[in-house]
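Accompanying notes for the structure given below.
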Amino acid sequence: MALRIYNTYTNSVEAFKPLADSKVKMYVCGPTVYNYFHIGNARPLLMFDIFRRYLMYRGYDVRYVVNITDIDDKIIRSANEEKTSTAEVAAKYTQAYFEDCEKLGIRNPDVSPKATDHIDDMIELVKKLVDQGIAYPAEGDVFYDVKKLPQYGKLSGKKIDDLKSGARVEVDKRKKDPLDFVLWKAAKPGEPSWESPWGKGRPGWHLECSVMSMKYLGNTFDIHAGGVDLIFPHHENEIAQSEGATGTRFVNYWMHNGFLNVDGEKMAKSAGNFFTAREILEKYKPEVIRMFFLLKHYRSPIDFSEERIHESQQALSRINSTLANIDIALKEFQPDAKKINGSTIINNLREQFLAALDDDFNTANAMAKIFEMVREANIIMSAEQIQQRDLEALLRIKNTILEFNEFLGIIESEQNKISEVEQKVYLDILVEVRQKLREQKNWKLADFIRDRLVEKGIELEDRKDKTVWKKF
RNA sequence: GGCGGCGUAGCCAAGUGGCUAAGGCGGAGGUCUGCAAAACCUCUAUUCAUCGGUUCGACUCCGAUCGCCGCCUCCA
């Protein structure tokens, strides 16, 4: 069984073969820090982080880079609106980006390079392109000469002539071809700028990703990912810049996630139909949001609504309550962990789960296998008598789910659920007292304890032979 | 106009040239219970937008039609 992924470059699912046997070099287009990122922006950050962690789980040594674009038109506009400097805007939202990622359970990349820290490298690349005659300066700007690269348009499947006829933008007269794009922009009054061989200016949008990805991952690396909207022109132009300069293949596998829509329309800051990740996190746990994304294949569009989020929450609590019930069942009987092999059915589900992820990271399919394990566990627990081998199966199911959770991140850790060991002790005493009250048929007081605990997030369940509590 | 994708039960959503078309939410029954809540179990698509074609056989392949979405401009 080997990992296969859909490669936008070839428009097909391909066997994944990294350049170096067990090493994977991966780059994801990160945020432009001019605002809080919205829940749609969170999708690639979240899903590709999980993908990276899956690769690590599978034994790959992954070097993972996510850039931070901290200079561009939108940041300048934001700075003007907030009457502050671009540096301050960038600093504020860079911090917010890291905070929001942490809350969402997204692990830090190995490198988070900032565009403004790499201006010299960018100028070097532009120089190289100019020297090779692939780029040409014009009045302080520098343009990329698209005609010089025969493979231009390969990634997006576009032909230069088609693009021209569909162009909706007024063409800059200085361009040799309407598709030529700007590598270096001449400074305008009041805008931040850097010295360059072409005068003061700042980098064009696509430049930083070419420069920083190659700097940290090499001229050719394995995976480059981002939203589908980046295919053209951003990624197309990155290829042009990089391959133009190095003469070698830039990226082997291009992965693109689908959009998050609202009422069938793309969620976008410009459309105003967005919710920031922060807002959503105030209402829902990060695990719920992760679940929401995992229940769909990363390349499909998702329609966002509170109803969908709520469904994900319900689905997740099915897993959680089964895990909690397994814990309760195991608390009384300790199976010998060394002897656990699991039944064939559990082992099959385990294999199917991994096979699903190996099939172009089909998390929707994989999650179904988790639910099948959950049902297996529930069937075992609903039996009148639980045998030793059943307990072993339960432990096996629990361990398998927790093992996968290493990269899924949908199950809260025990530490989060129960912060203080002592609390457990007091809770047990309360439950014991309530049991005595129930034996005396003092329902009023017994219910009072139950209600008060619910207010504190503790749920009691009166079972046949005992009362159990759960934190929710 | 060019390019790409999608249309599967009430809703969300996987999947496959022939085997029971996963799973989740919701709903309906049932179990448990002092009551409750929760939880669990069972059931919930003779059918995969429509119409043709290829095939022994298609929801899956091909063609057409209808509908939806994205990119072609900043955009995850």
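Note that these values count all heavy atoms, side chains included, but never hydrogens, waters or copies made by symmetry. Reminder, nothing fancy here: chain letters follow the sequence lines and each chain counts from 1.
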Hey, does the side chain of A/N365 come within less than 4.0 Å of B/rG23's phosphate (OP1/OP2), counting only N and O? no
Heavy-atom closest pair (A/R4 atom, A/A15 atom, distance to 0.1 Å) is CG-CA, 4.0 Å
Check your understanding: Does the base of B/rC35 carry an N or O that pairs as donor and acceptor with the side chain of A/R450 under 3.5 Å?
Key -> yes
Counting distance alone, no hydrogens or angles: does the base of B/rC71 have a donor or acceptor under 3.5 Å from a partner atom on the side chain of A/K158? yes
Of A/F371, A/Y54, A/F404, the one forming a ring-ring contact (aromatic ring centres under 6.0 Å, His included) with A/F353 is A/F404
Counting only side-chain N and O atoms of A/S300, is one of them less than 4.0 Å from OP1 or OP2 of B/rA14?
yes
Any donor-acceptor pair under 3.5 Å joining the side chain of A/D447 to the base of B/rG34?
yes
When you measure only distances, ignoring hydrogens and angles, does the side chain of A/R438 come within 3.5 Å of the base of B/rG34 through a donor and an acceptor? yes
Do the ring planes of A/F181 and A/H206 sit parallel (below 30°), tilted (30 to 60°) or perpendicular (above 60°)?
perpendicular
For B/rC66, the nucleotide meeting Watson-Crick or G-U wobble distances (both under 3.5 Å) is B/rG7
Suppose you measure atom C1' in B/rA38 against the same atom in B/rU33; what distance do you get, rounded to whole Å? 11 Å
What's the gap between B/rA14 and B/rU8 when it is taken at their C1' atoms, as a whole Å value? 10 Å
Any side-chain N or O of A/Q314 less than 4.0 Å from the OP1 or OP2 oxygen of B/rG24?
no
In whole Å, measure the gap between the P atoms of B/rA37 and B/rG30 for me. 15 Å
**Request:** Record whether the side chain of A/D462 comes under 3.5 Å of the base of B/rC35 through a donor-acceptor pair of N or O atoms.
**Result:** yes
Say we look at B/rA45 and B/rC11: how far apart would their C1' atoms be, to the nearest angstrom?
14 Å
**Item:** Atom P, compared across B/rC25 and B/rC41: separation rounded to whole Å
**Value:** 10 Å
If you compare every side-chain N and O of A/R318 against the phosphate oxygens of B/rG24 (OP1, OP2), does one of them come in below 4.0 Å? yes
Would you measure the distance from the C1' atom in B/rG5 across to the matching atom in B/rA9 and give it in whole Å? 23 Å
Can you find a pair of side-chain heavy atoms, one from A/I75 and one from A/Y93, that are under 4.5 Å apart?
no
Geometric class of the A/F232/A/Y152 ring pair [parallel <30°, tilted 30-60°, perpendicular >60°] | perpendicular
task: Pick the P atom in B/rU65 and in B/rG1, then give their distance to the nearest Å.
output: 12 Å
- Message: With the stacking rule set at 5.5 Å and 30°, tell me whether A/F259 counts as stacking on B/rG70.
- Response: no
_Looking at B/rA14, I'd like to know if its phosphate oxygens (OP1 or OP2) sit under 4.0 Å from a side-chain N or O belonging to A/K369._
no
Heavy-atom nearest nucleotide on RNA chain B taken for A/G40 and for A/I379; more 5' hit belongs to A/I379
| request: Look at the side-chain N and O atoms of A/S321 and state whether any lies under 4.0 Å from the OP1 or OP2 oxygen of B/rC40. | output: yes
